[in-house]
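When a ligand or atom number is given, it counts from 1 through the structure's own listing order.
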Amino acid sequence: MSTVSALPQRKITLLTLQAKKDRGEPITMLTAYDFPTARALDRAGVDSILVGDSLGMVVLGYDTTIPVTMEDMLHHARAVSRGAKIAHLIGDMPFMSYQTSVEDAVRNAGRFLKDGGMNAVKLEGGREIVPAVRAIVAAGIPVVGHIGLTPQKVNQLGGFRTQGKSAAAARTLIEDAHALQDAGCHLLVLEAIPDRLAALITQRLAIPTIGIGAGAACGGQVLVTHDLLGMTDGFTPKFVKRYANLGEEIARGVGAYVEDVSSGRFPEAIHAQPLDEDVFRALTRESDFRIAR
Ligand code: KIV
């Protein structure tokens, strides 16, 4: 019987993802911000790993993604690229790394590939970012678009709320989706929009859509890993499905450690390094030392 693993052995590229879409196979994407998580996701066979600027909220403790910097993102992108060798790696361009000028956008996108080990970058926004997308793609850097709820615009949107609910808003999103595809995006994230609108956009585009809170018709799905593993406190969006409760498991393990250390049950002899008997004797004979046996 063959023992060949079912997991993908070759690096997943934008061509692999497009071929999956063309075959009607859903694409899997999750976020990661560190080496061990990236390694676990890669081993589990996730197609694509997004080093999201959600880093700011789930790892750095900010209320929004606004304070996240290029240096924050590159630091975590490097850790993820050391852990994941198969998945398609996407670095999320943080607030004000691409909005200020097309030159800044290209320079910062390039840093994700040169210094961060990423394969592509993601930008939030519609038609207004088309010049930046075109220039980044022209520089040879694959770009993922992101429309719908775009968290970097939380102050303009008035909160983290579903987008595209009216006919006018839905039409704008459809036009944005086409504009981003035409500008050269190879994937498009649809966040928090009605499922039938996401289905319409998905049908109209040749590139895969990746949904988060956008229903089942998208070409693939992405979630924030800390949400699905139960490592986030407070509000959890309705579109998140919990697959584990690691937050409780961590609290249980750490609580047991605190009890063991406090009561003297840890460490035991098996956790210690023995000192050679002759060395110990020599030390205890030396008059300078007063070592109790
Ligand atoms: O930053 C992020 O994690 C994201 C996903 C939610 C798509 O943009």
Side-chain angles (χ1 to χ4, degrees), residues 17 26-34 37-38 41 46-70 72-77 79-80 84 87-99 108-109 112 116 118 120-126 129 133 143-154 157 159-164 173 176-177 180 185-193 198 201-202 207-215 218-229 231-232 235-242:
L17 300 178
I27 295 166
T28 55
M29 185 187 290
L30 283 174
T31 63
Y33 319 101
D34 60 49
T37 309
L41 300 189
V46 168
D47 292 317
S48 179
I49 297 177
L50 169 67
V51 185
D53 65 351
S54 50
L55 163 80
M57 296 172 79
V58 296
V59 173
L60 303 180
Y62 298 127
D63 290 336
T64 69
T65 58
I66 303 291
V68 176
T69 64
M70 273 301 294
D72 293 334
M73 291 304 301
L74 290 174
H75 178 72
H76 289 267
V80 167
H88 181 64
L89 303 179
I90 302 167
D92 212 359
M93 295 194 63
F95 186 53
M96 286 299 128
S97 68
Y98 56 95
Q99 292 92 340
N108 285 320
F112 271 100
M118 298 287 102
V121 296
K122 178 169 82 59
L123 280 70
E124 296 181 6
I129 62 159
V133 172
V143 176
V144 179
H146 180 163
I147 58 171
L149 171 54
T150 45
Q152 291 175 16
K153 290 200 175 130
V154 61
L157 300 175
F160 297 101
R161 49 182 78 240
T162 303
Q163 302 296 307
L173 287 177
D176 283 343
L180 291 166
C185 286
H186 71 288
L187 291 176
L188 181 62
V189 171
L190 303 177
E191 179 164 355
I193 64 171
I201 294 173
T202 300
I207 59 171
T209 58
I210 307 291
I212 172 164
C218 297
Q221 298 292 326
V222 57
L223 280 179
V224 170
T225 298
H226 286 61
D227 285 340
L228 82 92
L229 293 181
M231 294 175 75
T232 40
F235 173 73
T236 305
K238 177 183 160 196
F239 55 72
V240 171
K241 180 170 174 186
R242 281 239 155 129

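Not a single heavy atom of Glu124 sits under 4.0 Å from any atom of ligand 1.
Polar contact check, Asp53 against ligand 1: a nitrogen or oxygen pair lies under 3.5 Å apart.
Of all protein heavy atoms, the one closest to atom 2 (C) of ligand 1 is Ser54 OG, 3.3 Å. Scanning the protein heavy atoms around atom 4 (C) of ligand 1, the nearest turns out to be Leu50 CD2, 3.6 Å. Protein heavy atom closest to atom 6 (C) of ligand 1, with residue, atom name and distance, is Ile212 CD1, 3.6 Å.
Annotation for ligand 1: atoms under 4.0 Å from non-hydrogen atoms of His146 are 8 (O). Set against the non-hydrogen atoms of Lys122, the atoms of ligand 1 under 4.0 Å away are 8 (O). For ligand 1, the atoms sitting less than 4.0 Å from at least one non-hydrogen atom of Gly52 are 1 (O), 2 (C), 3 (O), numbered in the order shown with element in parentheses. Close approach to Thr31 involves these atoms of ligand 1, each under 4.0 Å from a residue heavy atom: 3 (O).
Contact between Ala120 and His88 at its shortest, heavy atoms only, is CB-NE2, 3.9 Å. Summarising the geometry of Ile90 relative to Met118, their closest heavy-atom pair is C-SD, 3.6 Å, with the distance given to 0.1 Å. Residues Thr202 and Gly219 approach most closely at CG2-N, 4.1 Å, considering heavy atoms.
Under 4.0 angstrom from ligand 1, the non-hydrogen atoms of Asp92 all belong to its side chain.
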Please test Phe95 against Glu124 for side-chain contact (heavy atoms from CB on, under 4.5 Å), starting from the C-alpha separation and ending with a verdict. CA-CA 9 Å; Phe95 186 53; Glu124 296 181 6; over 6 Å; no
Thr225 and Val58: side-chain contact (heavy atoms from CB on, under 4.5 Å), yes or no, with the steps? CA-CA 9 Å; Thr225 298; Val58 296; over 6 Å; no
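From Asp63, atom CG reaches atom CZ of Phe160 across 8.5 Å, with rounding to the nearest 0.5 Å.
A donor-acceptor pair is defined here as one N or O able to donate and one able to accept, closer than 3.5 Å; no such pair exists between the side chain of Asp92 and the backbone of Val51.
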